[in-house]
2 protein chains.
Amino acid sequence: MRSLSRAMEVFAELQRAERPQRLSDLARTCGMSLPTTLRILRVLQDFGMVSQTDKSYRIGPAVLPAARSYLENDPLVVAARPVLQQVASQTGQTASLYTRLGFERILVARVDGESPLRYDLPLGKRLPLTVGAAGKILVASASEEELQQVVAAAIAAGHESSAFTVKELRSRLPEAGVDYAYSADERATGVLSVAVAVPNRSGQPSESIALTSPVETATEPALKAAVPELRRAANRLSELLEGSVY
Amino acid sequence: MRSLSRAMEVFAELQRAERPQRLSDLARTCGMSLPTTLRILRVLQDFGMVSQTDKSYRIGPAVLPAARSYLENDPLVVAARPVLQQVASQTGQTASLYTRLGFERILVARVDGESPLRYDLPLGKRLPLTVGAAGKILVASASEEELQQVVAAAIAAGHESSAFTVKELRSRLPEAGVDYAYSADERATGVLSVAVAVPNRSGQPSESIALTSPVETATEPALKAAVPELRRAANRLSELLEGSVY
DNA sequence: AAGTTCATTTCATACAGTGAAATAGTATTG
DNA sequence: CAATACTATTTCACTGTATGAAATGAACTT
């Protein structure tokens, strides 16, 4: 499926670029010939995944219905909403669900607590696995080589303050036997958070839920005290998923 | 680009289905062999566009960053936001931007007025071109044959109350010389709206902006009185786009 | 106006995409 | 619990599609 992989790379590159791209730029960045790139863009455009104005290409409107479909129908997201709702109201903190995608994590659901973190709703935001409680817990049980990849990917993606070595990263990961991660001022200054992994059949978790709070509203002990609550929420979510046909 | 087109069809089918699909279902619905469908799904899965649990496939989380990228970076959407904001505050009504995608339209931006229409934020929702002011204005200047396609597509997509003939549709379209469309109780009962097309270089518009209001808050004359305001907003948006490098 | 860059089309070739068929794995049923 | 149906997956030989080099045409730059 060479052509399909290539098409996906073009599509990814258009997202990375954050601005309209010309054909030749895309061809160069993606390492493919002009005719090939052009043909790919034309097909993607037919399906609305790409828009064109004059000579520049960008992500097209068809991604919106796709995202909507995901948010409304994905069993994980649908099941998570009420669960997050409950933790948020029990703890008064903002509860978030992240899912791992490659070497990043994506925020897929959030329910605000009493004092919402008002850095605009970042649904769909790509965040590093190396920084923040919800990221770290996803790689807490990763092998040495995977950690290397994780660190390399974070640097390659240009994520903030991720100029880490594996050693540095490991020092921030939860110690053996601890099933939650904690972060303070990692991803954003003045923000504390704790996170636990959502268990799944495979060993490596690919989802995590987090409680996040501005420093003014919560302290480290207070957040950590909520971990059992979080843990239960994660388990409940996990069970809901096993139950459903998925 | 046969394989790419087919992949896009599989992807579209997963959205249409609104629930996880098995391999054999997808293969049948899309009219392709099992091995081919499987290979496509695997590649899409590698890129996070598709998720799999056990034997069922669904839209994957990668669509969220894509949608986010679109909403944050698309010149049209970005330029539209302040324009919608202004019309909304000037008129007190909810202002929306739609873009045409195939034989449907998609809501890509909305700014609520004083009395917001609380049928949840339908960003990314697919709506028919045959129903509602913002749909009709997009096909107001369409040829006879295109109208046939439009009607056929609306029926095929199973859109509500779209069991129209071309004749019926035409009777609801704006008359010659009128550059806005009006609708009452078409898409939703108790909702009035007016819409104008956003001019572009090609004759056929592909975007429209609408003012929408519950019957309790506005009357037909009141909405129609706001048309000049809307018209100016559409022109301003159009100019903003011509200006930018896009 | 000449030159440079970029988009697009054409075309011959190679190889990637294809489905039939065989195999393995899972449900379903009696 | 065995037998049967269905579904997923792998293998493989063939074909047709995806490919890039080169030629053409368009659009900027200087």
Side-chain angles (χ1 to χ4, degrees), chain A residues 1-14 16-60 74-75 200-202 206 241-246, chain B residues 1-14 16-60 75 200-202 241-246:
Chain A
M1 297 272 105
R2 194 166 178 229
S3 61
L4 177 51
S5 297
R6 290 176 143 198
M8 289 298 104
E9 268 161 41
V10 170
F11 185 67
E13 179 55 31
L14 279 175
R16 230 172 288 131
E18 296 187 356
R19 67 187 58 243
Q21 295 287 100
R22 327 202 57 214
L23 174 61
S24 46
D25 300 334
L26 286 169
R28 187 162 359 88
T29 329
C30 299
M32 45 186 81
S33 71
L34 289 180
T36 298
T37 313
L38 182 61
R39 281 182 294 248
I40 287 173
L41 285 169
R42 291 222 249 249
V43 178
L44 291 179
Q45 200 176 347
D46 284 345
F47 287 87
M49 302 291 284
V50 161
S51 297
Q52 178 182 14
T53 306
D54 295 327
K55 297 301 164 78
S56 57
Y57 298 87
R58 57 205 145 96
I59 297 296
D74 189 277
N200 63 12
R201 263 158 291 176
S202 91
S206 71
L241 292 176
E242 298 303 330
S244 81
V245 195
Y246 235 71
Chain B
M1 297 275 102
R2 193 163 177 231
S3 61
L4 178 50
S5 297
R6 289 175 144 199
M8 291 297 105
E9 267 161 42
V10 170
F11 185 67
E13 180 55 30
L14 278 176
R16 229 172 290 130
E18 296 186 358
R19 69 186 59 244
Q21 295 286 99
R22 330 202 57 216
L23 175 60
S24 47
D25 299 334
L26 286 170
R28 188 162 359 88
T29 330
C30 299
M32 46 188 79
S33 72
L34 289 180
T36 298
T37 313
L38 181 61
R39 281 182 296 249
I40 288 174
L41 286 169
R42 291 222 250 249
V43 179
L44 291 179
Q45 200 177 347
D46 284 346
F47 287 86
M49 301 291 284
V50 161
S51 297
Q52 178 184 14
T53 304
D54 293 326
K55 297 303 164 75
S56 56
Y57 298 87
R58 58 209 144 95
I59 296 297
N200 64 11
R201 264 160 289 176
S202 90
L241 291 177
E242 299 302 330
S244 81
V245 194
Y246 235 66

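Chain naming here is simple, since letters A, B, ... match the order of the sequence lines and numbering starts at 1 in each. Below, each value reflects all heavy atoms present in this structure, side chains not excepted, and no hydrogens, waters or symmetry copies. Remember, predicted model here, so these are calculated numbers, not experimental data.
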Using a cut-off of 4.0 Å on non-hydrogen atoms, how would the nucleic acid contact of B:Arg28 be classed: base, sugar-phosphate, or nothing?
nothing
Would you kindly compare B:Ser3 and A:Tyr57 by the position of their nearest DNA chain C nucleotide and give the one closer to the 5′ end?
A:Tyr57
Just how far is it from atom CG of B:Leu241 to atom OG1 of A:Thr53, taken to the nearest 0.5 Å?
8.0 Å
Is the shortest side-chain N to carboxylate O distance from A:Arg6 to A:Glu9 below 4.0 Å?
no
Under 4.0 Å: is that the gap between some side-chain N or O of A:Thr36 and OP1 or OP2 of D:dG20?
yes
Can you tell me how far P of D:dT19 sits from CD of A:Glu9, to the nearest Å?
12 Å
Using the closest heavy atom to pick a nucleotide of DNA chain D for each, name whichever of B:Lys55 or A:Gly31 lands nearer the 5' end.
B:Lys55
Nearest-Å distance for atom pair CG/P, residues A:Leu38 and C:dT8
5 Å
Once you apply a heavy-atom cut-off of 4.0 Å, does A:Met1 come out as touching a base, just sugar-phosphate, or nothing?
sugar-phosphate
How long is the line joining CG of B:Leu41 and P of D:dT10, in whole Å?
13 Å
Would you say B:Arg22 places a side-chain N or O within less than 4.0 Å of OP1 or OP2 belonging to D:dT9?
no
Gap between atoms CG and C1', on B:Asp25 and D:dC6 respectively (whole Å):
12 Å
Taken to the nearest whole Å, CG/B:Asp54 to C1'/D:dA8 is 13 Å
Sole residue of B:Thr37, B:Leu38, B:Asp25, B:Val10 in side-chain contact (heavy atoms from CB on, under 4.5 Å) with B:Tyr57
B:Leu38
Would you say a side-chain N or O of B:Ser24 is under 4.0 Å from OP1 or OP2 of D:dA8?
yes
Looking at B:Phe47, is its backbone amide N or carbonyl O close enough to the side chain of B:Gln45 to form a donor-acceptor pair, meaning the two atoms are under 3.5 Å apart?
no
Whole angstroms only, please: what is the CG-C1' distance between B:Leu34 and C:dT23?
14 Å
Scan A:Ser33 against the nucleic acid and name what it touches under 4.0 Å (heavy atoms): base, sugar-phosphate only, or nothing.
base
What nucleotide, of C:dT9, D:dA8, C:dG17, holds the atom closest to the side chain of B:Leu23?
D:dA8
Any idea which of C:dA21, D:dA27, C:dG17 is nearest the A:Arg2 side chain?
C:dG17
Looking across every strand, which nucleic acid part, if any, lies under 4.0 Å from B:Arg39 by heavy atom: base, sugar-phosphate, or nothing?
base
Please state how far atom CE in B:Met32 lies from atom C1' in C:dG17, giving the value in whole angstrom units.
12 Å
To the nearest angstrom, how far is A:Leu4 atom CG from D:dT19 atom P?
11 Å
Would you give the length of the straight line joining atom CG of A:Leu26 to atom OG of A:Ser56, rounded to the nearest 0.5 angstrom?
10.0 Å
